[in-house]
There are 2 protein chains.
Amino acid sequence: MTRTSLSDVACSVARATDLFGDAWTALIMRDVLVGISRFDDIAHDLGISRKVLAARLARLVEEGVLVRERYQDQPPREDYHATEKGKELYPVLLALMSWGDKWYAGPAGPPLRVHHDTCGRTTTPVMTCEHCGEPVTIDNTSPRPGPGGAVGPGTMVIGQLVPTHSE
Amino acid sequence: MTRTSLSDVACSVARATDLFGDAWTALIMRDVLVGISRFDDIAHDLGISRKVLAARLARLVEEGVLVRERYQDQPPREDYHATEKGKELYPVLLALMSWGDKWYAGPAGPPLRVHHDTCGRTTTPVMTCEHCGEPVTIDNTSPRPGPGGAVGPGTMVIGQLVPTHSE
DNA sequence: CCCCTAGGTTCCCTCAGGGAACTTAGCAGG
DNA sequence: CCTGCTAAGTTCCCTGAGGGAACCTAGGGG
């Protein structure tokens with residue numbers, strides 16, 4: 001398939017998707033971030049093929065999202081931990097989880113809750129503006145061309161939309 | 001491949017990933033949300049195989065994320081628009097974009113900026129707690145079992161982690 | 001001596017994705 | 001009238017990625 005590599009496209013969604021837009025990668029990151037760090041544990045937890053898991057982990061290490069660390073010497077054993085870059089994928093997982101909770105939770109409610117240690121409450125995370133703190137939605141934002149080029153899939157349209165009408 | 005359907009797993013990340021954890025789906029949603037609504041336009045914009053695009057659109061309509069609407073009668077032509085459920089995927093895209101901007105933007109900066117109409121500024125969206133408004137990160141949160149069952153991949157670990165030590 | 005554990009690698013098979021040609025249906029031009 | 005264009009798919013064949021299970025390697029332990 002060669003999966004049409006998207007990393008060269010001038011769109012950060014495409015770049016992120018090139019790595020993260022894989023059924024397993026998100027779940028592997030969830031596991032690692034939640035504390036499941038060993039190969040066999042992840043494999044068993046997800047029911048993923050060991051071959052695919054090895055490939056995904058190698059890719060994630062290569063991308064600097066995970067690090068492979070030796071946790072004992074005799075015999076040598078390695079496990080995986082999130083780097084800063086990896087930890088910052090947490091909001092993506094939260095966004096996915098919130099959406100899944102809202103639209104797919106059964107009558108019993110969501111299978112998992114997130115406790116916000118800072119304020120001591122169960123939280124539903126919200127995407128807000130760093131400046132005003134108000135929620136950011138599709139309806140109260142508009143795309144603008146950025147400095148990093150405005151060509152390629154998707155971005156091309158922004159150049160057409162914005163100058164004419166700010167919709 | 002049958003891709004090991006994850007929708008039956010008691011984890012909202014897995015459920016969302018089952019739909020969204022696909023290289024193309026995120027990009028299709030980005031296009032539709034940004035105003036690219038016609039089949040040929042999306043196909044051309046993304047460079048996606050028409051066969052796969054038809055399949056993804058059908059799936060998204062089936063899931064209630066998009067609606068197929070007739071925009072002219074003679075000849076009959078249909079395009080695609082996001083439902084409320086679809087629009088709420090926007091935070092997921094924003095999270096992906098923010099992450100991609102931070103870690104993959106070239107020296108020129110991000111290819112696209114988001115203008116927050118509410119406050120009139122270019123925004124970097126942040127995941128915050130709905131209660132206290134403070135940022136939500138992996139380090140200041142802890143997972144708790146929810147009402148919707150605590151079995152299945154990933155969730156099983158929460159039950160082991162939380163009662164013993166809140167790490 | 002054999003087996004166990006942990007972290008992979010190798011094998012074969014199937015099926016999803018890529019790419020391009022074909023289909024359908026109305027309208028437009030010569 | 002015949003040809004061509006547009007938009008939205010559908011069909012075809014081919015490749016290669018994912019699933020599943022067996023195998024490999026290296027250090028302990030009984």
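Bear in mind that the values here come from a model prediction, so they are computed numbers and not experimental data. Order of the sequence lines sets the chain letters (A, B, ...), proteins ahead of strands, with each chain counted from 1. Below, each value reflects all heavy atoms present in this structure, side chains not excepted, and no hydrogens, waters or symmetry copies.
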S.K.: Starting at the 5' end of DNA chain C, which residue's closest nucleotide do you reach first, B:Arg50 or B:Ala55?
M.R.: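 Result: B:Ala55.
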S.K.: Nearest whole Å is fine: how far is C:dT9 C1' from A:Asp40 CG?
M.R.: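 Whole-Å distance recorded here is 13 Å.
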S.K.: Across the strands shown, which category fits A:Arg70 at heavy-atom distances under 4.0 angstrom: base, sugar-phosphate, nothing?
M.R.: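 The residue A:Arg70 makes no contact with any strand.
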S.K.: Both A:Ser49 and B:Tyr71 contact DNA chain D. Which one's nearest nucleotide lies toward the 5' end?
M.R.: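 Nearest-nucleotide comparison on DNA chain D picks B:Tyr71.
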S.K.: Find the distance A:Ile28:CD1 to D:dG18:P and express it as a whole number of Å.
M.R.: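 Rounded to whole Å, this separation is 11 Å.
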S.K.: Of all heavy-atom pairs between A:Gly109 and B:Pro147, which one has the smallest distance, and what is that distance?
M.R.: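 Shortest heavy-atom separation between A:Gly109 and B:Pro147 comes out as CA-CG, 4.0 Å.
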S.K.: Check whether any side-chain nitrogen or oxygen of A:Tyr80 sits under 4.0 Å from OP1 or OP2 of C:dA6, and answer yes or no.
M.R.: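 Checking C:dA6 against A:Tyr80, no side-chain N or O comes under 4.0 Å of OP1 or OP2.
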S.K.: Where the side chain of A:Ala54 is concerned, which of C:dG7, D:dG18, C:dG8 is the nearest nucleotide?
M.R.: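 For A:Ala54, the side-chain atoms sit closest to C:dG8.
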S.K.: Can you find a side chain N or O atom of A:Arg38 that sits less than 4.0 Å from OP1 or OP2 on C:dG8?
M.R.: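 It does not, given that no N or O in the side chain of A:Arg38 lies less than 4.0 Å from OP1 or OP2 of C:dG8.
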S.K.: Is there a side-chain polar atom (N or O) of B:Trp24 under 4.0 Å from OP1 or OP2 of C:dG18?
M.R.: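 Yes, within the criterion.
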S.K.: What's the closest nucleotide to the A:Pro75 side chain, out of D:dA7, C:dG7, D:dG28?
M.R.: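 Nearest listed nucleotide: D:dG28.
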S.K.: Is any side-chain nitrogen or oxygen of A:Arg56 closer than 4.0 Å to OP1 or OP2 of D:dG18?
M.R.: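 Yes, such a contact exists.
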S.K.: When only distance counts, do a donor and an acceptor, one from the side chain of B:Lys51 and one from the base of C:dG17, lie under 3.5 Å apart?
M.R.: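 Such a pair is found, so the answer is yes.
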S.K.: Find the distance B:Glu78:CD to C:dA25:P and express it as a whole number of Å.
M.R.: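 In whole Å, C:dA25 P lies 13 Å from B:Glu78 CD.
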S.K.: Would you say A:Gln72's side chain and A:Pro75's backbone share a donor-acceptor pair under 3.5 angstrom?
M.R.: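 The answer is yes, because a donor-acceptor pair under 3.5 Å joins these two groups.
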S.K.: Send over the distance from A:Asp41 CG to C:dG8 C1', rounded to a whole Å.
M.R.: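 In whole Å, C:dG8 C1' and A:Asp41 CG are 14 Å from each other.
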S.K.: Any sub-3.5 Å donor-acceptor pair from B:Thr128's side-chain atoms to B:Glu134's backbone N or O?
M.R.: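 Absent.
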S.K.: Is it true that, when you exclude B:Lys85 itself, more than 12 heavy atoms of the residues, nucleotides or ligands shown sit nearer than 6.0 Å to its NZ?
M.R.: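 Counting neighbours around NZ of B:Lys85, more than 12 heavy atoms of other residues, nucleotides or ligands fall under 6.0 Å, so yes.
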